[in-house]
Amino acid sequence: MKILHASKKYPDVHGGDAVVVSNLERMQVLAGHRVTILTSNCAQTQRRPGIHVFGLKDNPESLDRISLRRLISLVMLIFQAFRILRRERPDIIHTHSVDMSCVISLAARIYRIPIVHTFHIVTSREAVHGFVRNRAELRLMKAARPAFVTALNRTDLEHLTNSGLNVVLVPNGLDLTVWTPIELQSDHDRFALVSVGRLEKHKGFPLLIEAAALLDGEVDVKIIGGGSLESELQLLINASNVAERVELTGPKTTEGIREIFARSDAMVISSLYEAMPLALLEAWASGLPVITTEVGMVQRTEAGTARGVHLITDREPATLAAAIRRLRDDRAYRESLVEAGFDEVRQYTWTRVTAALDGYYEDIVARRRSKQRA
């Protein structure tokens, strides 16, 4: 089968969607599929056969915003899509960006190629984005006429189904041969926290910095990642008088992240909204206890808790600080979170994700070919 993945990010551009697409590509190639990539024109984007870049040269931090440069690139994509689809003739187009999906859909309909879309984040159910953006996401998605869309968690599944889309649940995966348990090096005086994510608004890093300020001398924090808010966050760190204890490390390789994990006592996810944080899966697989805000796949259950994490259901610095103290002071509780995390992460593998997608792909292609014969 020929599969074209269309994503605004692809390695070496940092972002969860880039990680997902590159892993799907790897597993699908191993399964015998032919895979090509359509992605944004960034200096960091890999250049090799099978990768098509489109539009004006842009920087990774701008890809999540609808700037004038991004709009011009999307207009250019309308025309480039015809050339690329005519050349590649994929059986399936798997999109990972709502605006790209809508733009490509015109050429896809002309060439009768079905579209599958993955919602890496569902902004239409988050009031923080405003009415216009919330409505635009669903309108653009419906205009693309996908055969189906995939949601990463049951909360998004319910929301998208109620919005009138054909939705299936396909979570993210993790390479458990890379993300393996690590030996923690507890040779430091302060309780060491780590957080991983792009330095953007939805990651909620001010909450973590403000909580660290309430824990004077009690914790060290390393925030791994780059993004447009780096200067703003550094100013907050300086203003909060925690510069000696809170560090923005910049982006790291997988090996670099695991080295920091080995010197950490817990992971903190302080996001305002997420669908399925890859950092959570990575922490679980590595053996770190996790404190997280209530986002996406991590929701309150009937028992009031979520497995494998210490869940905080408000975004108050004092609440997060109290959670950090609980983990610091209760080793048995930390170990119970680690054990539960190991149990949870085993179900999230790229082998399972790829097998599920293959079944959906084959069903769509078979139905399309049946209609063509009729």
Side-chain angles (χ1 to χ4, degrees), residues 14 179 181-200 203-227 229-272 274 277-293 295 308-312 315-338 341:
H14 291 283
W179 294 96
I182 57 178
E183 183 177 350
L184 301 183
Q185 302 169 12
S186 300
D187 55 358
H188 36 263
D189 296 328
R190 297 188 181 116
F191 194 64
L193 303 173
V194 62
S195 193
V196 183
R198 290 179 296 115
L199 306 185
E200 304 296 342
K203 294 296 184 179
F205 288 123
L207 171 61
L208 176 55
I209 295 167
E210 290 165 6
L214 298 176
L215 296 164
D216 185 30
E218 299 178 48
V219 298
D220 282 322
V221 181
K222 292 189 183 298
I223 299 174
I224 303 172
L229 298 185
E230 180 176 356
S231 297
E232 183 178 321
L233 291 173
Q234 188 60 57
L235 286 173
L236 178 60
I237 289 169
N238 296 339
S240 302
N241 297 314
V242 293
E244 293 184 358
R245 299 186 288 110
V246 179
E247 178 187 358
L248 304 179
T249 71
K252 296 289 183 182
T253 63
T254 298
E255 293 76 15
I257 293 172
R258 286 178 58 77
E259 287 177 6
I260 293 176
F261 278 10
R263 301 192 300 274
S264 301
D265 296 299
M267 159 79 78
V268 175
I269 297 171
S270 54
S271 299
L272 302 177
E274 293 259 12
L278 289 174
L280 172 61
L281 303 185
E282 293 163 0
W284 275 346
S286 300
L288 281 177
V290 178
I291 301 169
T292 180
T293 49
V295 290
V309 300
H310 181 102
L311 184 66
I312 60 173
R315 291 177 171 82
E316 295 295 329
T319 304
L320 178 55
I324 293 169
R325 286 196 182 100
R326 167 84 189 275
L327 263 68
R328 181 199 62 186
D329 296 339
D330 192 338
R331 180 172 181 173
Y333 180 53
R334 295 201 305 272
E335 291 175 350
S336 72
L337 292 180
V338 169

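For the single chain, residues carry numbers from 1 onward in sequence order. Here the structure is a predicted model, which means the values were calculated and not measured. All heavy atoms count here, side chains included; hydrogens, waters and symmetry mates do not.
- The shortest side-chain heavy-atom distance between Ile324 and Leu215 falls under the 4.5 Å cut-off.
- The number of heavy-atom neighbours closer than 6.0 Å to CD of Glu335, taken from other residues, nucleotides and ligands shown, is above 12.
- Under the 30°/60° scheme for interplanar angles, the aromatic rings of Phe261 and Trp179 are found to be tilted.
- Note that CD1 of Ile182 and OG of Ser286 are 5.0 Å apart. Values are rounded to the nearest 0.5 Å.
- Shown here are the salt bridge (Lys or Arg N to Asp or Glu O under 4.0 Å) partners of Glu259, two or more places apart in sequence or in another chain: there are none.
- Separation of atoms CG (Asp220) and CG (Asp189) is listed at 9.0 Å; rounding is to 0.5 Å.
- Between the side chains of Ser271 and Glu274, at least one donor-acceptor pair of N or O atoms lies under 3.5 Å.
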Determine all donor-acceptor pairs shorter than 3.5 Å in which one atom belongs to a side chain in residues 192-200; sequence neighbours excluded.
{"unit_1": "Ser195", "atom_1": "OG", "unit_2": "Val268", "atom_2": "O", "d": "2.6"}
{"unit_1": "Arg198", "atom_1": "NH1", "unit_2": "Asp64", "atom_2": "OD2", "d": "2.6"}
{"unit_1": "Arg198", "atom_1": "NH2", "unit_2": "Asp64", "atom_2": "OD2", "d": "3.4"}
{"unit_1": "Glu200", "atom_1": "OE1", "unit_2": "Ser228", "atom_2": "OG", "d": "2.6"}
{"unit_1": "Glu200", "atom_1": "OE2", "unit_2": "Ser228", "atom_2": "N", "d": "3.0"}
{"unit_1": "Glu200", "atom_1": "OE2", "unit_2": "Ser228", "atom_2": "OG", "d": "3.3"}

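- Checking side-chain atoms of Arg315 against main-chain N and O of Leu272 turns up a donor-acceptor pair under 3.5 Å.
- Rounding to the nearest 0.5 Å gives a distance of 6.0 Å between CG of Leu248 and CG of Leu233.
- Contact check for Asp265 versus Arg328: no side-chain heavy atoms found under the 4.5 Å cut-off.
- Between Leu337 and Val290 the shortest side-chain heavy-atom distance does not fall below 4.5 Å.
- Partners of Arg326 according to the salt bridge (Lys or Arg N to Asp or Glu O under 4.0 Å) rule, which considers only residues two or more places apart in sequence or in another chain, are Asp330.
- Closest of all the heavy-atom pairs between Leu327 and Ala266 is CD2-CB, 4.0 Å.
- Put simply, the side chain of Leu208 reaches to within 4.5 Å of the side chain of Leu320, judged on heavy atoms.
- The heavy-atom pair separating Leu207 from Pro317 by the smallest distance is CD1-N, 3.5 Å.
- When all heavy atoms of Gly226 and Pro251 are compared, the closest pair comes out as N-CG, 3.8 Å.
- Between the side chain of Arg190 and the main chain of Glu218, no donor-acceptor pair closer than 3.5 Å is present.
- Taking CD of Glu210 as the reference point, atom CD1 of Ile237 lies at 11.5 Å (rounded to 0.5 Å).
- Taking all atoms of both residues into account, the shortest heavy-atom contact from Gly256 to Lys252 is C-CB, 4.2 Å.
- Nearest heavy atom pair, residue Ala213 against residue Arg245, reads CA-NH2, 4.3 Å.
- For the pair Met267/Ile269, a side-chain contact is recorded, criterion being any heavy-atom separation below 4.5 Å from C-beta on.
- In this structure, Arg258 CZ and Arg263 CZ are separated by 13.0 Å, a value rounded to the nearest 0.5 Å.
- A heavy-atom distance below 4.5 Å is found between the side chains of Val309 and Trp284.
- The two residues Ala212 and Val246 come nearest to each other via the heavy atoms CB-CG2, 3.8 Å.
- Expressed to the nearest 0.5 Å, how far CD1 of Ile223 lies from CD1 of Ile260 amounts to 11.5 Å.
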